[in-house]
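Each residue takes its place number in the sequence, starting with 1.
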Amino acid sequence: MHSLEPSLDNALIEDIVTRTVDELTPYGLFNFNAPRQTLMGEGAILRIGEMLGKLDVTHVLVVADRVVHEKGLMKSMERSLERVGIEFTIYPAITQEPDETVVASATELLTRNKADFVLGFGGGSALDAAKAIALAGSSQSSLHQLAEPGFSGRRSVGLGAVPTTAGTGSEVTDISVIMRADRRHKFVIKNVDLMPDLAIVDPGLMLNLPPMVTAATGIDALTHAIEAYGARNSHPLAKALAICAIQSIAEALPIVVGNGGEKAARLTMSTASYKAGLAFSNSGLGLVHAISHQIGPRCNLAHGVANGILLPYVMKFNALVCQREYAAIAHMLGVTHAGMTERERCMASIDAVRQLLSDIGLPEDLAGTNIRRDDFSAIAIEALTDVCIRANPRDVTEVDIVKLLEEACGTKKNL
C-alpha cells in the first residue's frame with residue numbers, strides 16, 4: 001500500500017529542525033542601546049560645534065527651554081556653532097511640559113528650514129520635544145501615529161541633547177513624553193529612533209538651578225534608578241548602572257539642593273542621572289511612572305515631584321517581590337548594619353527614601369493637591385494602559401492602584 005502523502009526531502013526536514021532549534025535555543029537575551037557619542041564635563045558645550053562639524057551637519061534646529069534661552073545659557077553653544085560655520089535656528093518655546101501643538105509647530109519649522117539636525121537644549125521637556133520633533137519631521141507623522149503600536153517610521157535627521165538639569169535622563173533614552181492638547185493626558189512614546197545620536201552633559205549649565213528644581217529633578221533620577229533596578233525586564237548591565245546611580249544620588253543630591261554651586265556634586269548628579277537614564281531606557285520603569293503620568297497633569301504637579309510622592313508607596317507595594325533588590329538598595333543608601341535581615345534592609349530602603357524626600361523639602365503625600373477621590377478609578381484604568389506598567393515587577397490591578405492613591409492622599413496611611 002502506497003502513501004498518497006508527498007515525501008519530505010531529507011534536507012528540508014533537517015532545515016526545519018535546525019530552524020526550530022535555533023529559534024528556541026537563545027535564552028536570557030537583552031538589548032542595550034546608548035547614544036553613539038557622549039561628551040561629559042564642565043565646558044563640554046564649547047565643543048559642540050567641533051563635534052557637529054565632524055558629523056557634516058549644516059543646519060541645526062535648536063529646541064530650547066524658554067527660561068534657559070532668556071538666561072543666556074545658550075551663548076556658548078551659539079559661539080561654538082558660529083566658529084565652524086554651522087547655521088542654526090533657535091525655537092525657544094518650551095515652557096513646562098510641551099503639548100502636541102508645540103511639537104507640530106516646531107516640526108513645520110524643521111521642514112521649512114531644511115535642518116539636518118535637531119538639538120534639544122534645556123530640561124527634560126525640551127529634550128523630549130526635540131526627540132519627538134526629529135522623528136515626526138523625518139517620518140512626516142503626527143504624535144498620534146508615533147504613539148501607535150507597531151509604528152514603523154524612521155528618523156533621518158540627526159538628533160542631539162544638552163540637558164540643563166540632572167534628572168530626566170532624556171539625553172540617553174528612547175522615550176519621549178508629550179502632553180496631549182487637552183493638557184490632561186500624555187503621549188508616552190517609545191522608539192529606538194528617539195535615542196539621541198549625541199549627548200553633551202555640561203554640569204556648568206546646571207549651577208544656577210533653583211533648589212526646588214534641583215530637588216525635583218534629582219528625585220526623578222532616583223526614581224528612574226530604583227524602578228530600573230527592580231524592573232521585570234531588568235538585566236545585569238541595567239542593574240549595574242542603576243545601583244551605582246542610586247548611591248551617587250544619595251550622596252550628592254542633598255549637597256546640590258543645599259549648595260547649588262558645588263561643582264563636584266553637580267558633576268556627580270549629572271553622571272548619576274545619565275546612568276539612571278541608560279538603565280531605565282534599557283530595562284523599563286514601573287508603577288510610579290505609570291501613575292505619575294496620569295496625576296501630574298491632573299494636579300499640576302511637576303513630574304519629579306509626582307514621582308517622589310509616589311515612590312515610597314509603590315516601593316512598599318512592590319516589596320512583596322522585590323525584597324532582595326530593595327535590600328541591596330538599602331546598602332547603597334547607607335542604612336544597613338550588621339545583623340539586619342533581608343526584610344529589615346528592604347524596609348530600611350523605603351524609610352531612607354522617605355527621609356531623603358523630607359530632607360530636600362519635597363512633599364510626602366498628595367494631601368495638598370487638588371486630586372479628587374472620584375478620579376481614582378479613572379486614573380487607575382489609565383495607568384494600567386501606560387507603557388511603563390509593563391515592566392513593573394509585581395502584577396497590578398485597578399484596585400491596587402486605587403488603594404495606593406488612598407494611601408498617598410493620607411486617607412489610608414500604613415507606611
* side-chain contact (heavy atoms from CB on, under 4.5 Å) between S80 and L46, worked out -> CA-CA 6 Å; S80 183; L46 295 169; 5.6 Å; no
* If you take all heavy atoms of R266 and V256, which pair is closest and at what distance? -> N-CG1, 3.6 Å
* Looking at side-chain heavy atoms only, is the closest gap between I226 and V288 below 4.5 Å? -> no
* Does I381 reach the side chain of L384, with side-chain heavy atoms less than 4.5 Å apart? -> no
* Between CG on residue L55 and CG on residue L52, distance to nearest 0.5 Å -> 6.0 Å
* Asked: In chain order, what residues pass the side-chain hydrogen bond (donor to acceptor under 3.5 Å, both in side chains) check against R324, with sequence neighbours excluded?
  -> none
* If every non-hydrogen atom of T164 is compared with every non-hydrogen atom of G123, which pair is closest and at what distance? -> OG1-N, 3.4 Å
* Asked: Looking just at side-chain N and O atoms, do K239 and S283 make a donor-acceptor pair shorter than 3.5 Å?
  -> no
* Asked: Is the closest basic N to carboxylate O distance between R36 and D197 below 4.0 Å?
  -> no
* Asked: Does A245 offer a backbone N or O that forms a donor-acceptor pair with the side chain of S248 under 3.5 Å?
  -> no
* Would you say K131's side chain and I175's backbone share a donor-acceptor pair under 3.5 angstrom? -> yes
* Would you check if the side chain of D193 reaches a backbone N or O of R155 as a donor-acceptor pair within less than 3.5 Å? => yes
* To do: Cation-pi check, R345 to Y326: give yes when NZ or CZ is under 6.0 Å from the six-membered ring centre and within 45° of the ring axis, no otherwise.
  => no
* Structure fact -> Here the pair of heavy atoms bringing L241 nearest to A279 is CB-CB, 4.1 Å
* **Shortest non-hydrogen contact between G304 and I219, atoms and distance** => O-CG2, 3.9 Å
* Asked: So, the side chain of Q323 versus the backbone of L320: is there a donor-acceptor pair under 3.5 Å, distance only?
  -> no
* Flag side-chain contact, heavy atom, 4.5 Å: P254 against L356 -> yes
* **Flag side-chain contact, heavy atom, 4.5 Å: L287 against M315** => no
* Taking the side chain from H303 and the backbone from S125, do they hold a donor-acceptor pair closer than 3.5 Å? -> no
* For the residue pair L253 and L222, establish whether any side-chain heavy-atom pair is separated by less than 4.5 Å. => no
* So, Q355 versus D351: side-chain donor-acceptor pair below 3.5 Å or not? -> no
* Relative to the ring of F280, is the ring of H224 parallel (under 30°), tilted (30 to 60°) or perpendicular (over 60°)? -> tilted
* From the options V157, L110, L119, select the one residue that forms a side-chain contact (heavy atoms from CB on, under 4.5 Å) with L61. => L110
* Ionic contact status for E50 with K54, cut-off 4.0 Å -> yes
* Structure fact -> Nearest heavy-atom contact between P203 and S270 is CB-OG, 3.7 Å
* To do: State, yes or no, whether a side-chain contact exists between I94 and V63 at a heavy-atom distance under 4.5 Å.
  => yes
* Has the side chain of D116 got a donor or acceptor atom that lies under 3.5 Å from a matching backbone atom of V57? -> no
* Derivation of the side-chain contact (heavy atoms from CB on, under 4.5 Å) call for L207 and K263 -> CA-CA 7 Å; L207 295 178; K263 293 184 178 180; 4.1 Å; yes
* Polar side-chain atom of S358 near backbone of R354 as donor-acceptor pair, under 3.5 Å -> no
* Tell me, yes or no, whether the heavy-atom count around N33 atom CG, taken from other residues, nucleotides or ligands under 6.0 Å, exceeds 12. => yes
* **Any donor-acceptor N or O pair under 3.5 Å, side chains S141, S139** => yes
* Asked: What residues, two or more places apart in sequence or in another chain, satisfy salt bridge (Lys or Arg N to Asp or Glu O under 4.0 Å) together with D15?
  -> R19
* Structure fact -> Exactly one candidate in N392, D220, V177 meets side-chain contact (heavy atoms from CB on, under 4.5 Å) with H289; the answer is D220
* To do: Ignoring hydrogens and angles, tell me if any N or O in the side chain of D174 forms a donor-acceptor pair with the backbone of L194 under 3.5 Å.
  => no
* Check for a donor-acceptor pair, side chain of K114 on one end and backbone N or O of H59 on the other, with a separation under 3.5 Å. => no
* **Set of ring-ring contact (aromatic ring centres under 6.0 Å, His included) partners for H331, sequence neighbours left out** => none
* Could you tell me whether R232 and D395 make a salt bridge, using a distance below 4.0 angstrom between a side-chain N and a carboxylate O? => yes
* Should K316 and L404 count as side-chain neighbours, where that means a heavy-atom distance under 4.5 Å? -> no
* **Atom of A130, atom of V118 and distance for their closest heavy-atom approach** => O-CG1, 3.6 Å
* Asked: Are any non-hydrogen side-chain atoms of V201 and M206 less than 4.5 angstrom apart?
  -> yes
* To do: Indicate yes or no for a side-chain donor-acceptor contact from S105 to the backbone of T101 under 3.5 Å, with no hydrogens or angles considered.
  => no
